Amino acid sequence: MAEPIIFNIQKFSVHDGDGIRTTVFFKGCPLRCLWCHNPESQRYKKELVFHHDKCTACGRCVPACPRHCNVLDTSGPELRFDRTACETCGACEEVCLASAREVCGGSYSMDELVKKAARDKLFYDQSGGGVTLSGGEVMAQDMDYVEELCRRLHEQGIRVYIDTSGCCPYENLKRVLPYTDIFLYDIKAMDPEVHRRFTGVDNALILENLKRLSDDGAGIYIRIPTVGGVNADDSFMNALIDFLKQNRIRVQEISLLPYHDFGKGKYANLDRSYDEELMWAPTSEEMEHFKDLFEKAGYERIAIGG
């Protein structure tokens, strides 16, 4: 059983399902959504986050790096970082006085993670909360680890939610189905080419897995990242409603999640580009209109945000 890389454990979360929750973020995802607000979640390995705005160009990281990834240009002064040579050893993080370097990702033993999550069971019980496994994509991790984690949380009476894109073999979803109370299932586009353009993969597997989960009796909350220039229009919303109705998908709740660019700065810290000109936030009036479309289609539990 391999220990997946976890890049964050967020306590007292109220945006990843019902009640007060602990959200565990697994690192690694098969999708590359252009609007992803956690780009540090995408790769299946530790990464060095370089907060350029914090760097004072003191030069302490230059001799500390065994791969010679850092070069100090004294004319600026400016520190140049060769990410391609970095092996994320963490030596530069240890000597950085400005906290400009941060290793993203770490491993947790099963016992350690379950113990950490169970500490707040009183809050879960009082609020109807629990633990949410998120990412990245938790269902594309080592499934022996994920299944065992879900089972042990379930046996302690902790409600388990899984936040997923559905882009995984259905067998992975089926393995955790007995221990999962709700799947927070993301739908990003109905047209396969649109989906491929903005996420890097088409949606055939995602939609098929949603049908199979529903047929197998899973609890399902549909979550829709609503992005101007991608899917914030009647065409997408009506196509999704038709799909849900025609396939008799049993949905307990639908959340419309308006696009934001709060994670834009993270791309610079990872030395990646962010194509913000392709996307924009829908207006509040548009979001209310989309909510109305689902209500008119007979859905009762519709939320904006989540």
Side-chain angles (χ1 to χ4, degrees), residues 13-19 21 31 33 35 127-130 132-134 139 159-168 170 173-174 176-178 180-195 198-199 202-260 279-306:
S13 173
V14 294
H15 298 293
D16 298 306
D18 301 307
R21 313 194 67 79
L31 274 62
C33 303
W35 58 85
S127 66
T132 298
L133 306 183
S134 187
M139 301 312 299
R159 289 172 57 83
V160 176
Y161 287 18
I162 289 182
D163 187 357
T164 181
S165 69
C167 188
C168 62
Y170 186 70
L173 295 163
K174 194 165 184 176
V176 300
L177 184 56
T180 303
D181 295 276
I182 295 291
F183 289 89
L184 306 174
Y185 205 98
D186 288 0
I187 298 293
K188 302 173 175 70
M190 294 304 295
D191 182 280
E193 289 307 313
V194 172
H195 200 281
F198 288 102
T199 73
D202 72 25
N203 58 355
L205 178 62
I206 292 167
L207 296 179
E208 179 61 25
N209 282 345
L210 177 58
K211 289 190 289 185
R212 295 183 69 176
L213 269 180
S214 178
D215 290 343
D216 282 344
I220 297 171
Y221 290 1
I222 296 292
R223 290 160 67 90
I224 307 168
T226 308
V227 185
V230 180
N231 63 1
D233 54 52
D234 286 14
S235 175
F236 163 72
M237 299 297 173
N238 287 324
L240 175 54
I241 290 169
D242 289 345
F243 175 83
L244 297 176
K245 292 289 188 181
Q246 290 170 8
N247 292 283
R248 299 181 180 179
I249 306 296
R250 294 182 292 182
V251 179
Q252 296 171 246
E253 183 174 295
I254 295 173
S255 293
L256 296 158
L257 310 176
Y259 164 80
H260 62 72
M279 302 165 289
W280 58 88
T283 65
S284 58
E285 291 79 12
E286 288 175 316
M287 296 301 296
E288 289 292 343
H289 169 68
F290 299 143
K291 179 182 177 183
D292 187 56
L293 290 179
F294 283 96
E295 289 176 340
K296 288 180 177 178
Y299 296 97
E300 297 180 356
R301 293 180 60 184
I302 315 295
I304 296 176

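This one's a predicted model, so the numbers in the text were calculated from it and none came from an experiment.
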Considering all heavy atoms, the nearest [X]-[Y] contact:
| X | Y | result |
| --- | --- | --- |
| G17 | L184 | N-CD1, 4.3 Å |
| F294 | I241 | CE2-CG1, 3.4 Å |
| T164 | G166 | OG1-N, 2.9 Å |
| H195 | I206 | CE1-CD1, 3.5 Å |
| N203 | M190 | ND2-O, 2.9 Å |
| K245 | A297 | NZ-O, 2.7 Å |

* Between R159 and D181, is the closest basic N to carboxylate O distance under 4.0 Å? -> yes
So, does [X] use its side chain to make a donor-acceptor pair with the main chain of [Y] at under 3.5 Å?
| X | Y | answer |
| --- | --- | --- |
| T226 | I224 | yes |
| Y185 | L210 | yes |
| R250 | S214 | yes |
| D216 | A218 | no |
| Y170 | R212 | yes |
| D233 | S235 | yes |
| N209 | C168 | yes |
| N231 | P225 | yes |

Output the distance between atom [atom1] ([X]) and atom [atom2] ([Y]), rounded to the nearest 0.5 Å.
| X | Y | atom1 | atom2 | value |
| --- | --- | --- | --- | --- |
| K291 | S255 | NZ | OG | 10.5 Å |
| L177 | F183 | CG | CZ | 5.0 Å |
| S165 | L31 | OG | CG | 4.5 Å |
| T132 | R21 | OG1 | CZ | 3.5 Å |

* Asked: Could K211 and F243 be counted as a cation-pi pair, given that NZ or CZ must be under 6.0 Å from the ring centre and within 45° of the axis?
  -> no
* Looking at I220, I182, I222, which one forms a side chain to side chain contact (heavy atoms under 4.5 Å, CB included) with Q252? -> I182
With a 4.5 Å heavy-atom cut-off, do [X] and [Y] have their side chains touching?
| X | Y | answer |
| --- | --- | --- |
| W35 | T199 | yes |
| R223 | L257 | yes |
| P258 | E286 | no |
| D163 | D186 | yes |
| V227 | F198 | no |

* Neighbour count above 12 (heavy atom, 6.0 Å) for K174 NZ -> no
* To do: Might you confirm whether atom NE2 of H15 has over 12 heavy atoms from other residues, nucleotides or ligands at distances under 6.0 Å?
  => no
* Which is it for L256 and E288 under the side chain to side chain contact (heavy atoms under 4.5 Å, CB included) test, yes or no, and what are the steps along the way? -> CA-CA 10 Å; L256 296 158; E288 289 292 343; over 6 Å; no
* Asked: Between L213 and I249, is a side chain to side chain contact (heavy atoms under 4.5 Å, CB included) present by the stated rule, with each step listed?
  -> CA-CA 9 Å; L213 269 180; I249 306 296; over 6 Å; no
* I254 and F290: side chain to side chain contact (heavy atoms under 4.5 Å, CB included), yes or no, with the steps? -> CA-CA 11 Å; I254 295 173; F290 299 143; over 6 Å; no
* Go through the steps to decide whether Y221 and D18 satisfy the test side chain to side chain contact (heavy atoms under 4.5 Å, CB included), and finish with yes or no. => CA-CA 11 Å; Y221 290 1; D18 301 307; 2.7 Å; yes
